[in-house]
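Heads up, the thing below is written out as structure tokens.
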Amino acid sequence: MKAILIDENKNLVWSEVADPVIKEDEVLVKIHAAALNRADLLQRQGKYPSPPGCPEWMGLEVAGVIEKVGSAVTNWKIGDQVCALLGGGGYAEYVAVKYDMLLPIPKGLSMVEAAALPEAYATSYLNLFIEGHLEAGQTAFVPAGASGLASVAIPMAKAFGARVITSVLSDEIAEKIKPLGADVIINSTTQCVEEILKTEEENGTPVSVSMDCLSGETLGKSLPYMARGGYWIVISTLAGIETTVKLRPLLTKGLHLVGSMLRNRTPEFKAYILSELVKNVWPKIESGMIKPSIYRVLPITEAEAAHTILERSENVGKVVLNVCDA
């Protein structure tokens, strides 16, 4: 089969590799589509390698059709259309997947849309509802509103009855993301994020949960204006690895500053998250309350161009690679 490998010059090359061999608790999935994540860019730079036992090539979420089933697998069969959460290996024609990392494709979705679900939806559900304990009527803050992850997290929080604040870098981007449904969009180039959050607290709508991929100085400046008992979940540090935290509000409000990564969770916990998605989120997708946001679809042979879109932060929604036509 073929997969996207990284050559010595960090170029992405569609190359011949060995076919996957499934274990008794795995299935073989013929990949139709694979979605991009920023973790792919880090892996390409050598900063985010695949976990032990996973293929060396990139790709954390895919959709496709089961072609082989291991002897111990009883809940899936050949021909089932699935999407899957991977430790790596999605930029390829085939992948071996443990049975509990598979999800049924929600009714009405295409393969391209389904490929954009597992990683982004699992990450959003984990951090909003499991780590952040978000409830209907509360306010969530999801910075970087134009990111692929925010395109999932904002509609998901809204579908569960939360109020959502996000931030972007320009009024033009703010216009583009309006369909996601955020209640407040902050232009962080012309507005002060912490001042807006302070005003929100004064108006009785303080942030209860923040799913923060930016972090940096704004984190420490904003934390004091959270709701009592609030959860600030750090999922990445794209805006900086240092901040200054005032400990007094952390203490008096009983705030929670939490670091969270999906990739380093145990397989058992990942399987639990996926089962929660199918139970709680899939019905909202099938009813139309939540819809995957796809920015662009490119052939897998153009993975280089797809990465460039993410590197330049051009996308509002997910970028997906079409594998079947390669």
Side-chain angles (χ1 to χ4, degrees), residues 35-38 106 108-110 112-113 115-117 119-121 123-125 127-129 132 134-214 218 222 225 233 235-236 238-239 281 284-297 306 309-320:
L36 271 67
N37 291 276
R38 286 200 171 272
L109 291 196
S110 67
V112 164
E113 291 172 318
L117 299 180
E119 172 75 15
Y121 278 64
T123 297
S124 296
Y125 191 87
N127 294 300
L128 290 174
F129 300 106
L134 183 64
E135 298 178 0
Q138 293 183 333
T139 297
F141 177 43
V142 182
S147 67
L149 191 56
S151 75
V152 171
I154 293 170
M156 184 183 292
K158 292 293 294 180
F160 282 88
R163 185 170 176 273
V164 179
I165 302 170
T166 190
S167 63
V168 295
L169 293 173
S170 71
D171 290 338
E172 180 183 6
I173 297 173
E175 280 297 317
K176 288 181 179 180
I177 71 162
K178 276 186 177 180
L180 297 178
D183 298 276
V184 177
I185 303 175
I186 303 169
N187 179 347
S188 59
T189 301
T190 59
Q191 296 175 289
C192 181
V193 172
E194 61 268 23
E195 287 299 323
I196 300 294
L197 299 188
K198 180 181 179 181
T199 299
E200 291 289 328
E201 183 187 33
E202 292 170 348
N203 291 340
T205 52
V207 171
S208 293
V209 180
S210 175
M211 192 180 89
D212 187 4
C213 66
L214 298 179
T218 299
S222 302
Y225 306 115
I233 315 298
I235 65 170
S236 191
L238 298 176
V281 178
K284 295 184 182 296
I285 295 175
E286 293 177 348
S287 72
M289 289 182 68
I290 303 175
K291 185 174 176 59
S293 177
I294 307 299
Y295 176 72
R296 193 169 174 192
V297 182
I309 291 172
L310 263 66
E311 288 165 353
R312 294 177 178 173
S313 298
E314 295 174 5
N315 56 306
V316 177
K318 297 283 283 187
V319 178
V320 179

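All values reported here derive from a predicted model rather than from experimental measurement.
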Which pair of heavy atoms, one from Ile154 and one from Gly181, lies closest together, and at what distance? CG2-C, 4.3 Å
Quick one: does any side-chain atom of Thr205 pair with a main-chain N or O of Glu200 as donor and acceptor, under 3.5 Å? yes
By salt bridge (charged side-chain N to carboxylate O under 4.0 Å, His left out), which residues pair with Lys291, not counting sequence neighbours? Glu113
More than 12 heavy atoms from other groups under 6.0 Å of CD on Glu202: yes
Hey, which of Thr189, Ile185, Ile186 is the one that makes side chain to side chain contact (heavy atoms under 4.5 Å, CB included) with Val168? Ile185
Nearest heavy-atom neighbours spanning Gly132 and Val209: O-CG2, 3.0 Å
Shortest non-hydrogen contact from Gly145 to Thr166? CA-OG1, 3.0 Å
Distance from Tyr121 atom OH to Ile290 atom CD1, nearest 0.5 Å? 6.0 Å
Rounding to 0.5 Å, atoms CD (Glu194) and OG1 (Thr199) come to a distance of 10.5 Å
Going by heavy atoms in the side chains, are Leu117 and Leu109 under 4.5 Å from each other? yes
Val152 and Ser293: CA distance, side-chain angles, deciding distance, side chain to side chain contact (heavy atoms under 4.5 Å, CB included) verdict: CA-CA 7 Å; Val152 171; Ser293 177; over 6 Å; no
Would you name the heavy atoms of Ile294 and Val297 that are closest together and state the gap between them? CG2-CG2, 3.9 Å
Is there a donor-acceptor pair under 3.5 Å between the side chain of Ser287 and the backbone N or O of Lys284? yes
Ring pair (Phe, Tyr, Trp, His ring centres under 6.0 Å): pairs with one or both residues in residues 150-177, sequence neighbours excluded: Phe129-Phe160
Has the side chain of Ser210 got a donor or acceptor atom that lies under 3.5 Å from a matching backbone atom of Ile233? no
Should Leu134 and Met211 count as side-chain neighbours, where that means a heavy-atom distance under 4.5 Å? no
Kindly indicate whether the side chain of Val281, heavy atoms from C-beta on, has any atom under 4.5 Å from the side chain of Met156. yes
Val319 to Ile309 - nearest heavy-atom pair and separation: CG2-CG2, 3.8 Å
Distance col, row Glu119:CD vs Leu36:CG, nearest 0.5 angstrom, shows 11.5 Å
Residues forming a salt bridge (charged side-chain N to carboxylate O under 4.0 Å, His left out) with Glu201, sequence neighbours excluded: Lys253
Side chains of Arg38 and Ser313: closer than 4.5 Å at any heavy-atom pair? yes
Heavy-atom distance under 4.5 Å between the side chains of Pro143 and Phe141, does that happen here? yes
Between the side chain of Lys158 and the main-chain N/O of Ala182, is any donor-acceptor distance below 3.5 Å? no
Keeping the roles fixed (side chain from Asp183, backbone from Ile165), state whether a donor-acceptor pair exists under 3.5 Å. no
From CG (Asn315) to OG (Ser147), nearest 0.5 Å: 8.0 Å
Scanning both residues in full, the closest heavy-atom pair of Leu214 with Ser167 reads CD1-OG, 4.5 Å
Side-chain heavy atoms of Ser151 within contact of Val316, under 4.5 Å: no
Just wondering, do Pro206 and Thr139 contact through their side chains at under 4.5 Å, heavy atoms? no
Do Ile235 and Leu149 come within less than 4.5 Å of each other through their side chains, counting heavy atoms only? yes
